[in-house]
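The sequence lines fix the lettering, A, B, ..., with proteins before strands; numbering per chain opens at 1.
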Amino acid sequence: MLERTKIIGLLNSGQAQESVLLKGWIRTLRESKDFSFIELNDGSCLSNIQIIVDSVVDNYKEIAKLSTGAAISVTGELVESPGKGQKWEVRATAVEILGVSPDDFPLQKKRHTDEYLRTIAHLRPRSNKYGAIFRIRSKLSFAIHKFLQERDFQWIHTPIITGSDCEGAGEMFNVTTLDLDNIPKKAGAVDYEQDFFGKQASLTVSGQLSVETFCLSLGNVYTFGPTFRAENSNTSRHMSEFWMIEPEMAFADLKDDMALGQEFVQYLIKYTLEECAEDLELFAKFVDKNLMSTLENIINNDFIRFSYTDAVDLLQKSGQKFEYPVVWGSDLQSEHERFLTEKHFKQPVIVYDYPKDIKAFYMRLNDDEKTVAAMDILVPAIGEIIGGSQREERYDMLQKRINDMNFDEADYWWYLDTRKYGTVPHAGFGLGFERLLMLVTGITNIRDVIPFPRTPKHLEF
RNA sequence: UCCCCGGUAGCUCAGUCGGUAGAGCGGGUGACUGUUAAUCACUAGGUCGGCAGUUCGAGCCUGUCCCGGGGAGCCA
């Protein structure tokens with residue numbers, strides 16, 4: 001019994017092959033009286049392989065009537081193509097129809113808008129562009145593990161369901177089995193004691209607090225998985241469900257954190273350039289003409305490091321008109337970040353040592369007592385791709401920060417414990433996986449780099 | 001959530017001054033001995049996002065709702 005060969009294998013074949021079996025979906029079919037050309041794709045690579053079906057083949061009439069989207073199985077001979085445009089082609093000896101595709105198949109042999117393709121997210125990976133995106137997404141997922149594992153980081157599976165309503169990174173989705181039409185109440189409030197976990201439960205907004213506990217036992221660790229934010233954000237850079245990589249290093253400070261962030265981003269881009277060259281070419285050609293020079297620029301230069309205070313100073317003296325004024329103590333606006341990365345430096349910028357009042361409670365207070373050891377890596381077009389910090393490892397300082405922010409200390413008992421027993425300096429960051437994919441592909445809407453995007457009021461598929 | 005732009009054939013769009021609808025692609029049928037998003041001929045396909053209003057007459061003007069996009073805030 002002949003085994004199926006993937007199209008990528010056939011196209012890279014070193015020699016002709018007498019007998020091959022391949023299966024895939026028809027991209028286009030060009031029919032003439034005596035034979036037809038079929039462009040077949042099986043998802044193994046961007047390229048199609050050309051199949052020649054002679055009219056002497058038994059079911060030729062049926063085959064010639066097939067259209068874009070149909071699935072077939074082909075037995076034939078791999079031969080050098082006499083035509084221009086491809087090295088190899090398959091001369092079919094038999095074609096089996098696996099699944100027809102009626103004429104209302106929504107993907108046509110032409111370019112569609114991303115907005116339209118989003119409405120058929122179950123079929124869009126059958127297009128060239130989306131096939132390429134999701135092959136790159138898979139490769140990059142692997143590269144993330146490869147990079148971190150090669151540096152002895154251990155992957156920690158932090159929970160998706162969490163009992164902390166205090167992870168400090170935005171609104172959370174509730175997880176409940178309570179009957180929403182008949183919610184049990186106690187003293188006017190929801191009685192969570194009757195809920196599944198006996199307390200309020202949510203979907204995680206970040207694995208950081210959990211992964212820190214493992215950092216302070218296994219050393220260098222990371223999480224990589226989905227996170228959830230119930231924010232009513234309607235932008236091309238936000239989703240309710242997205243994937244995040246959060247490395248955490250023991251015995252490390254903010255400098256180490258910034259170094260890891262830069263090395264990581266540069267590694268991932270290099271990896272894509274080497275391992276996804278064919279797919280990447282599509283984006284350089286059709287999505288962003290400057291993609292290659294942008295990526296080359298990122299991997300060949302150190303990221304600019306600039307303290308928040310210096311950044312504010314630079315922005316104030318820039319002479320640039322901003323809609324929002326630049327004031328020390330308030331967060332940088334999108335327009336400010338864009339000015340730094342796109343106009344002034346024209347490359348990734350790491351801004352560090354932010355005012356403590358605009359950052360999370362767990363970030364380490366600097367000696368000036370006004371700023372914390374936080375850093376954001378900003379890239380052109382996308383903005384913040386990494387947000388990280390050295391963590392506050394001093395028990396008293398952490399306790400004070402929790403109280404200053406009017407959080408309930410009791411909620412953080414286990415987190416505080418890690419500072420009580422054998423605390424050490426440590427640092428980490430969160431890298432938005434989809435934002436990384438946007439950077440690498442030049443895609444400008446985050447909904448187009450995840451298989452089934454979840455955003456406010458959108459839960460189809 | 002706020003601001004701006006848009007919604008016309010299956011898809012991408014045009015539609016002038018308010019006078020009842022157009023193209024390309026796709027589909028169907030036919031032609032074609034090597035095509036490359038093939039080509040050529042013919043052909044079918046429309047509640048102009050919904051509702052209400054102004055007008056003799058609305059795709060076009062007004063109101064409102066729905067949907068999509070861009071920008072902002074929040075952040076990754």
Rounded to whole Å, the CD-C1' distance (E115(A) to G70(B)) equals 10 Å

With a 4.0 Å cut-off on N to O distance, would you call R124(A) and D448(A) a salt bridge? yes

If you compare every side-chain N and O of R237(A) against the phosphate oxygens of A72(B) (OP1, OP2), does one of them come in below 4.0 Å?
yes

*Is there a donor N/O on one and an acceptor N/O on the other, under 3.5 Å, for the side chain of H112(A) and the base of C11(B)?*
no

**Prompt:** For atom C1', what is the distance between G57(B) and U20(B), given to the nearest Å?
**Reply:** 9 Å

Check if the side chain of S233(A) and the base of C74(B) share a donor-acceptor pair of N or O atoms closer than 3.5 Å. yes

Nearest-nucleotide check on RNA chain B, Y324(A) vs M239(A); residue mapping nearer the 5' end is Y324(A)

Between C2(B) and G46(B), how many Å separate the two P atoms, rounded to a whole number?
38 Å

Answer with yes or no whether K110(A) presents, from its side chain, a donor or acceptor under 3.5 Å of a partner atom in the base of C11(B).
-> yes

Rounded to whole Å, CG of L107(A) lies from P of G27(B) at a distance of 12 Å

Expected label for U20(B) (glycosidic angle, syn inside 90° of 0, else anti) would be syn

Regarding C75(B), can its base be found pairing with the side chain of R435(A) as donor and acceptor, where the two atoms are less than 3.5 Å apart?
yes

When rounded to whole Å, the CD to C1' distance for the pair Q333(A) and G73(B) reads 8 Å

**Prompt:** Looking just at side-chain N and O atoms, do S13(A) and Q17(A) make a donor-acceptor pair shorter than 3.5 Å?
**Reply:** yes

Within the 3.5 Å criterion, strictly below it, is a donor on Y222(A) or Q154(A) matched to an acceptor on the partner's side chain? no

Paired with K359(A), the salt bridge (charged side-chain N to carboxylate O under 4.0 Å, His left out) test is passed by just one of D376(A), D353(A), D331(A), namely D376(A)

Check: For R30(A) and A37(B), is the shortest distance between a side-chain N/O and OP1 or OP2 below 4.0 Å?
Finding: no

By the Watson-Crick or G-U definition, both distances under 3.5 Å, C40(B) is matched with G30(B)

Atom CG of D114(A) and atom C1' of G70(B) are separated, to the nearest Å, by 14 Å

Requested in this report: Determine the Euclidean distance between corresponding P atoms of G27(B) and G63(B); express it in Å to zero decimal places.
Outcome: 42 Å

Answer for the Watson-Crick or wobble partner of C2(B), both distances under 3.5 Å, is G71(B)

- Message: Can you say whether a donor on the side chain of Q86(A) sits under 3.5 Å from an acceptor on the base of U35(B), or the other way round?
- Response: yes

Separation of C75(B) atom P from I245(A) atom CD1, nearest Å, is 20 Å

